[in-house]
Number of protein chains: 2
Amino acid sequence: MQALINRLQYYAQLRTEETTKLKSLASKLELFRKNETIVRSGDPLKNAYIIEDGWAIRYHDLQDGGRQIVNFLLPGDIFDLQVFVSETADHSVQVIADVAAHEISPRSLANLFVNSSALSLAMWWSSVQEEAILREQIVRNGRRSAKRRIIHLLLELQRRLEIAQPSRGISANRQFPISQTVLADALGLTSIHVNRILGELKRQDLISIKNRLIVLRDVRALSDMIGFDCDYLDVNQQKRPKVLAGELWSG
Amino acid sequence: MQALINRLQYYAQLRTEETTKLKSLASKLELFRKNETIVRSGDPLKNAYIIEDGWAIRYHDLQDGGRQIVNFLLPGDIFDLQVFVSETADHSVQVIADVAAHEISPRSLANLFVNSSALSLAMWWSSVQEEAILREQIVRNGRRSAKRRIIHLLLELQRRLEIAQPSRGISANRQFPISQTVLADALGLTSIHVNRILGELKRQDLISIKNRLIVLRDVRALSDMIGFDCDYLDVNQQKRPKVLAGELWSG
DNA sequence: CGATAAATTGAATAGGTTCAACCGAAGTGG
DNA sequence: CCACTTCGGTTGAACCTATTCAATTTATCG
């Protein structure tokens, strides 16, 4: 549960009381292997999961047999809160690097919401931010060159990992278990073209690839290159929630 | 407030008691003219709005001076619930067809949430669906031809209007006050190219353009053409919310 | 060790962009 | 009320980014 706590901690002050409540959610830790499909489009939704470690993708199947990845699920991410509102999944979730996740029953999650206003707010916040990430994905893939898209996505992932797993250290958070096909499916490009661009970046010594892991060698240079602005990930102090919170979440 | 009620009614059963509560939200009806900017990126968020009539777009500014439209705001849509969680706007909202909107204070909205479980759930539902619309926008703009993108977006808008304004009648809901530049900014294309594709569609008699309004002349043919599936807009009966609702929203 | 998935490279092609020019309708100000 | 500006739409030609098809290499795994 540490990853989620880190993430929430990043923008909301949680008291020990609250982190304890969060930890109590962690019943069993489920393991999913690479390529496993955790949620399949059309199937009934039964539980939510909180990722502790590993990587997954959420995608939609396309008519032509392809798929469009809508976002990446990293440690600290919750999926799917939709379980409260919809009986069936409208998308699939697949593992791309072995995942350890806490299975959370809708009931226990509901209890959490009812019992802690701070956590309710934090969760809502988290979902607002997820929406911001979705919007950014739209912006990224609209009218931007392939190179920009690729770099932008890599930087986003790097930043998200840094927030959810600060303990891992910087260098560990710059290694991504993403195949070029996955990158392509996320960015609306061909894996072939992704390959060529990555080749370019390698030659410029901005990234490297070690046993199927993409490694960022110069985050600074990459950021400068595309003018990366990670505000949408860093909900900073000035943007803290309104006083109203107490009123809204009387728990 | 009727547009919002229609929309919520579409997937949740609201009792008169609840529609009354909703109607009581409607204090003053604000008017915004075409091209007016209701929310500007970076500015403080003060209120939420519920659109009664008219069209707006939500967009992000790009470094190169352009913009990416992330979605369209139609009658019955609420913006921005972010007012609860963030002090400042991370995007802008601009009017593209004169808007009449109810200004809602965060306070009154909070009261609504606290006082009615049914409405809370309905609102949450609405926000889950908004997320689905965002995801669909990602899918639409990824690895799809310009023609498909354009048609898909038009059909989505048509369906959304039908749900929020059934009273308008079918034909009125097939006329869109969208400039080709706006279409381009939403779909990540050039207005020039949009123009050429629209020309094609006009020649095939699938759409027409009357005084700056795009008119869908054959929804069926357009749908067939791209295999349009509007499930993500029609949260149908089988997907109704879980029993759990009462537990979660004890109001 | 063979089998399967991912990465790599080349050549031809296409879908969309860019630049540039022009038109028509709707406002706007004198 | 007309002249002027502005905005949105239209068209053509050259160009370029990314795709397609096809073949080859490199890893990884049972």
Side-chain angles (χ1 to χ4, degrees), chain A residues 33-37 55 57 62 64-69 94-98 140-151 153 176-203 207-215 226, chain B residues 33-37 55 57 62 64-69 94-98 140-151 175-203 207-215 226:
Chain A
R33 308 302 300 274
K34 181 174 174 181
N35 292 327
E36 214 171 315
T37 300
W55 290 52
I57 50 175
L62 304 177
D64 63 7
R67 64 180 179 185
Q68 174 67 46
I69 294 173
Q94 190 180 24
V95 176
I96 60 171
D98 295 2
R140 175 166 46 225
N141 292 1
R143 218 159 17 189
R144 264 170 156 76
S145 72
K147 195 190 274 187
R148 280 184 79 93
R149 293 189 205 184
I150 291 173
I151 295 176
L153 177 56
F176 308 134
I178 311 181
S179 76
Q180 302 183 3
T181 312
V182 166
L183 259 187
D185 286 344
L187 299 174
L189 299 168
T190 336
S191 65
I192 296 169
H193 195 233
V194 168
N195 178 283
R196 294 195 235 267
I197 304 279
L198 288 183
E200 230 181 277
L201 295 177
K202 273 192 282 189
R203 257 169 273 126
I207 68 168
S208 67
I209 298 188
K210 273 208 287 270
N211 40 310
R212 309 259 159 152
L213 292 177
I214 297 180
V215 183
I226 64 164
Chain B
R33 309 302 301 273
K34 182 174 174 180
N35 292 327
E36 215 171 315
T37 299
W55 290 52
I57 52 176
L62 304 178
D64 63 6
R67 65 181 178 184
Q68 174 67 46
I69 294 173
Q94 190 180 25
V95 175
I96 59 171
D98 295 2
R140 176 166 45 224
N141 292 2
R143 221 166 5 196
R144 263 170 155 77
S145 72
K147 193 190 274 186
R148 281 183 78 93
R149 294 189 204 184
I150 291 173
I151 294 176
Q175 310 205 142
F176 308 135
I178 312 181
S179 76
Q180 302 184 2
T181 312
V182 166
L183 259 187
D185 286 344
L187 299 174
L189 300 168
T190 340
S191 65
I192 295 167
H193 195 233
V194 168
N195 177 284
R196 295 197 235 267
I197 304 279
L198 288 183
E200 230 180 277
L201 296 177
K202 273 191 283 189
R203 257 169 273 126
I207 67 168
S208 66
I209 298 188
K210 273 209 286 268
N211 40 312
R212 311 257 160 155
L213 294 176
I214 297 180
V215 183
I226 64 164

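Source: prediction; values computed, not measured. Chain A is the first sequence line, chain B the second, and so forth, proteins listed ahead of strands; every chain is numbered from 1.
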(message) Nearest whole Å is fine: how far is C/dA6 P from A/N35 CG?
(response) 7 Å
Close N or O pairs between protein and nucleotides 19-24 of chain D (under 3.5 Å):
residue, atom, partner, partner atom, Å
D/dT19, OP1, A/T190, N, 3.2
D/dT19, OP1, A/T190, OG1, 3.2
D/dT19, OP2, A/T190, N, 3.1
D/dT19, OP2, A/T190, OG1, 2.4
D/dT19, O5', A/T190, OG1, 2.8
D/dT20, O4, A/R196, NH2, 3.1

(request) Check the distance between C/dA14's P and B/R148's CZ and give it to me in whole angstrom. (result) 20 Å
(request) Measure from NZ on A/K210 to C1' on C/dA7 and round the result to the nearest Å. (result) 18 Å
(request) Calculate the interatomic distance between B/L187 atom CG and C/dG16 atom C1'; express it in whole Å. (result) 13 Å
(request) Look at all strands and tell whether A/N211 reaches a base, only sugar-phosphate, or nothing, counting heavy atoms closer than 4.0 Å. (result) sugar-phosphate
(message) Without decimals, in angstroms, what is the distance between A/I209 CD1 and D/dT28 C1'?
(response) 16 Å
(message) Taking 4.0 Å as the cut-off, does a side-chain nitrogen or oxygen of A/N195 come that near to OP1 or OP2 on C/dT8?
(response) yes
(request) Round to a whole Å and report the spacing from CD1 of A/I96 to P of C/dA5. (result) 17 Å
(request) Could you tell me whether B/R33 and B/D98 have a side-chain N and a carboxylate O separated by less than 4.0 Å? (result) yes
(request) Pick base, sugar-phosphate or nothing for B/K34, based on heavy-atom distances below 4.0 Å to the nucleic acid. (result) nothing
(request) Say whether A/Q180 and A/R212, considering side chains only, have a donor N or O and an acceptor N or O under 3.5 Å apart. (result) no
(request) Specify the separation, in whole Å, of atom NZ of A/K202 and atom C1' of C/dT9. (result) 12 Å
(message) Please determine whether a side-chain nitrogen of the Lys or Arg among A/D64 and B/R143 lies less than 4.0 Å from a carboxylate oxygen of the Asp or Glu.
(response) no
(message) Is the phosphate of D/dT10 approached by B/Q180 (side-chain N or O, under 4.0 Å from OP1 or OP2)?
(response) yes
(request) Check the distance between D/dT28's C1' and A/L213's CG and give it to me in whole angstrom. (result) 13 Å
(message) For a quick check of understanding: with a heavy-atom distance under 4.0 Å over all strands, which category does B/K147 fall into, base, sugar-phosphate or nothing?
(response) nothing
